[in-house]
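In this text the structure is predicted, and so the values were computed from the model without any measurement. Labels below follow one simple rule: chain letters A, B, ... track the order of the sequence lines, proteins then strands, and each chain is numbered from 1.
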There are 2 protein chains.
Amino acid sequence: MDYNPLRPFVEKLASRVELTPADTEALLKMRFSTREMRPGSYFIRERQRPTASSLLIAGVAMRSKLTSEGARQIVGLHLPGDSLDLQQLYLDEADHNIQALTTITLIEVARGDLQSVADKHPNVLKAITIDNVIEASIEREWLLNVGRRIGRARLAHFLCEFAVRLAIKSHVPDQTAIALPLTQEQIGDAVALTPVHVNRMLKELEAEGLITRTKNSIVIVEWKAMASAADFNPSYLHLNQKKQRVTA
Amino acid sequence: MDYNPLRPFVEKLASRVELTPADTEALLKMRFSTREMRPGSYFIRERQRPTASSLLIAGVAMRSKLTSEGARQIVGLHLPGDSLDLQQLYLDEADHNIQALTTITLIEVARGDLQSVADKHPNVLKAITIDNVIEASIEREWLLNVGRRIGRARLAHFLCEFAVRLAIKSHVPDQTAIALPLTQEQIGDAVALTPVHVNRMLKELEAEGLITRTKNSIVIVEWKAMASAADFNPSYLHLNQKKQRVTA
DNA sequence: CGTAGTCTTGAACTCACTCAACGATAGTGG
DNA sequence: CCACTATCGTTGAGTGAGTTCAAGACTACG
């Protein structure tokens with residue numbers, strides 16, 4: 001078979017659940033489009049009706065919510081290889097925004113198309129479900145992080161998670177250099193701190209020798225000390241989650 | 001057909017997705033047990049392997065996570081009619097605790113049994129998925145609440161949500177009297193405030209005439225003012241989510 | 001009726017915020 | 001190529017929302 005740009009999408013799902021040839025075939029037959037989006041542009045806005053599902057191929061995206069006073073909370077980040085809105089595949093109305101942080105490229109399929117594949121192929125639906133549940137687990141850890149850790153640990157935790165998730169995607173097991181495409185204000189929106197305080201905590205972590213910083217990247221120098229300062233335990237990422245075998 | 005204690009479970013799922021007679025029959029054939037649990041007892045603990053799924057019939061339960069220093073963050077509450085761990089149906093390892101707050105009764109089915117029904121009945125899986133996604137939406141709102149609202153609004157938001165969810169379950173559209181089975185310390189763990197501050201904010205809301213308090217219950221006297229103080233917009237609860245029709 | 005848990009209140013403290021100014025950097029247009 | 005502008009990062013000083021500590025009051029329950 002020729003190369004099909006939907007392959008990464010299929011592989012993403014196949015990493016969660018073993019897919020049958022029929023499953024794979026149905027997925028690869030979906031109409032799709034490859035799209036590029038500029039930083040800041042919205043994939044979907046709160047209260048809108050979701051119309052598309054997609055897989056992030058390159059770049060970084062974020063989910064966010066706003067208070068009525070305009071304060072923003074980033075509720076999730078997405079790296080290449082992450083699905084962008086399987087969360088909302090069956091919801092009538094989006095409950096949060098999804099927005100490009102950097103320039104991103106994504107493969108997009110129509111919501112209805114993916115729904116009908118999922119209807120006929122339970123393995124696909126199961127893969128989507130598992131993906132959703134793991135994202136929910138990450139959101140819960142963020143809630144714990146924001147609610148119950150002090151600024152320094154909170155920021156450190158954010159950096160540890162980003163480093164680990166990045167390492168997985170790039171198949172480099174011990175990557176500690178993070179290309180961080182977030183401004184300090186955006187980091188603050190993720191960990192619920194002001195940009196000023198983010199700046200101070202970053203400098204503190206640097207002064208303690210846990211990280212070093214250059215223009216747009218951070219290197220975690222002392223991983224153990226950093227993970228300890230962050231109270232970081234990656235089990236919530238469910239990295240060891242076993243692939244579901246086909247039952248029938 | 002005789003009355004089957006699994007009925008509420010089926011109805012719960014059927015409220016999300018239209019089920020076929022075959023779906024219903026398969027669900028009703030599952031082995032189940034009815035269980036009662038005392039306040040504080042664990043339904044599941046973090047890092048454990050989930051073995052059962054259940055529906056909460058009576059009482060209130062909570063999900064929580066702990067930092068290594070022992071600080072607790074409650075990441076979700078469950079009222080009668082809520083499912084207790086469909087979240088973890090496909091996860092190898094629990095990422096949070098689920099614990100009874102009051103004495104609770106629940107209908108429990110074996111994880112494997114529900115999985116095999118879901119495998120063969122896509123509508124069931126879809127219903128579970130929708131349930132999971134709505135819970136995730138609530139968790140995101142909590143993250144916004146804890147991260148970006150001040151104590152008074154944060155607490156008010158918590159109370160508004162509890163009142164609305166309670167009202168739905170009891171089919172009383174405008175219920176504002178809340179039987180709150182949480183200590184102020186537990187409320188604090190939900191909204192990430194100290195019990196002392198929870199106490200002060202409750203008294204402040206009372207002094208402003210937004211709520212009145214008696215022993216174990218709170219009445220929201222001025223709903224509009226309260227919702228406004230809370231920055232509460234219930235759209236994240238997805239109450240108007242339409243039931244999914246069978247596609248055939 | 002005593003004990004344990006919860007609620008309440010006060011006082012001191014502190015982590016993080018606000019406000020404000022300045023510096024660095026990158027992109028833009030003339 | 002340089003000046004202009006906007007955005008981002010950095011730093012200081014003052015402030016405040018929420019915490020900590022501590023003690024007393026209330027309530028439920030054996």
Side-chain angles (χ1 to χ4, degrees), chain A residues 38-40 60 67 69-74 100-103 145-159 178-208 211-218 229 231, chain B residues 38-40 67 69-74 101-103 145-159 178-208 211-218 229 231:
Chain A
R38 322 230 87 223
V60 179
T67 67
E69 269 139 29
R72 173 168 56 194
Q73 177 67 46
I74 296 180
L101 267 171
T102 62
T103 299
N145 198 37
V146 166
R148 290 305 190 198
R149 292 196 188 101
I150 62 170
R152 176 166 162 278
R154 211 187 286 181
L155 185 56
H157 191 281
F158 174 83
L159 296 175
I178 314 172
L180 245 196
L182 303 194
T183 65
Q184 293 182 0
E185 183 173 15
Q186 289 164 337
I187 297 173
D189 285 342
V191 297
L193 294 171
T194 56
V196 173
H197 205 61
V198 168
N199 183 279
R200 288 184 174 132
M201 292 300 104
L202 281 175
K203 298 206 74 180
E204 191 174 309
L205 291 171
E206 189 174 29
E208 291 170 18
I211 62 173
T212 56
R213 298 186 297 152
T214 57
K215 207 165 308 180
N216 279 323
S217 77
I218 289 178
D231 185 27
Chain B
R38 324 231 84 223
T67 67
E69 269 138 30
R72 171 167 57 194
Q73 177 67 47
I74 297 180
L101 268 170
T102 63
T103 298
N145 197 39
V146 166
R148 289 306 190 197
R149 291 196 188 102
I150 60 171
R152 177 168 162 276
R154 211 186 286 182
L155 185 56
H157 191 282
F158 174 83
L159 296 175
I178 314 172
L180 246 194
L182 303 194
T183 66
Q184 292 181 2
E185 183 172 15
Q186 289 164 338
I187 296 173
D189 285 342
V191 297
L193 294 172
T194 56
V196 172
H197 204 60
V198 168
N199 183 279
R200 289 183 174 134
M201 292 299 105
L202 281 175
K203 299 207 73 181
E204 191 175 307
L205 291 171
E206 189 174 30
E208 290 170 19
I211 62 173
T212 56
R213 298 187 297 152
T214 57
K215 210 162 308 182
N216 278 325
S217 78
I218 288 178
D231 186 27

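- Along DNA chain C, the nucleotide closest to A/His197 and the one closest to B/Glu185 are compared, and the more 5′ of them pairs with B/Glu185.
- Counting heavy atoms from C-beta on, the side chains of A/Asp189 and B/Arg148 come closer than 4.5 Å.
- Rounded to whole Å, the distance from CD on B/Glu69 to P on D/dT20 is 11 Å.
- Residue A/Ser217 comes nearest to A/Thr214 through the heavy atom pair OG-OG1, 2.8 Å, listed as atom of the first residue, atom of the second, then distance.
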*asked:* Please determine whether side chain to side chain contact (heavy atoms under 4.5 Å, CB included) holds for the pair A/Leu202 and A/Arg213, giving the CA-CA distance in whole Å, both sets of side-chain angles, and the decisive distance to 0.1 Å.
replied: CA-CA 9 Å; A/Leu202 281 175; A/Arg213 298 186 297 152; 3.9 Å; yes

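- Residue B/Arg148 places none of its side-chain N or O atoms closer than 4.0 Å to OP1 or OP2 of C/dC17.
- When the P atom of D/dC8 is taken as reference, atom CG of A/Leu180 falls 14 Å away, rounded to whole Å.
- Interatomic distance, A/Ile211 CD1 to A/Ile178 CD1, rounded to the nearest 0.5 Å: 8.0 Å.
- Note: CD1 (B/Ile218) to P (C/dT6) measures 16 Å, nearest angstrom.
- A/Ile187 places its CD1 atom 12 Å from the P atom of D/dC8, with the value rounded to the nearest Å.
- Dashed line: the shortest gap from a side-chain N or O of A/Gln184 to OP1 or OP2 of D/dT10 is under 4.0 Å.
- Straight-line distance from the CG atom of B/Leu193 to the C1' atom of D/dA17: 10 Å, rounded to whole Å.
- Rounded to a whole Å, the CG atom of B/Leu202 is 8 Å from the P atom of C/dT8.
- The one candidate from B/Gln73, B/Met201, B/Arg154, B/Arg149 that meets the side-chain contact (heavy atoms from CB on, under 4.5 Å) condition with B/Val191 is B/Arg154.
- Atoms CE (A/Met201) and C1' (D/dG9) sit 15 Å apart, rounded to a whole Å.
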Under-3.5 Å N/O pairs linking protein and nucleotides 19-29 of chain C:
residue, atom, partner, partner atom, Å
C/dA26, OP1, A/Lys215, NZ, 3.3

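- Salt bridge A/Glu185/A/Arg72: absent, no basic N to carboxylate O contact under 4.0 Å.
- Atom pair B/Asn216:CG and D/dA28:P shows a separation of 8 Å (rounding to whole Å applied).
- Under 4.0 angstrom from either OP1 or OP2 of C/dT8 there lies at least one side-chain N or O belonging to B/Asn199.
- Residue A/Arg154 is out of contact with every strand shown, counting any heavy-atom pair closer than 4.0 Å.
- For the atom pair CD1 of A/Ile218 and CD1 of A/Ile187, the computed distance is 5.5 Å after rounding to the nearest 0.5 Å.
- Considering only side-chain atoms of A/Thr183, the nucleotide from C/dT18, C/dT8, D/dG9 that sits closest is D/dG9.
- Within 4.0 Å of A/Arg152, counting heavy atoms only, lies no atom of the nucleic acid at all.
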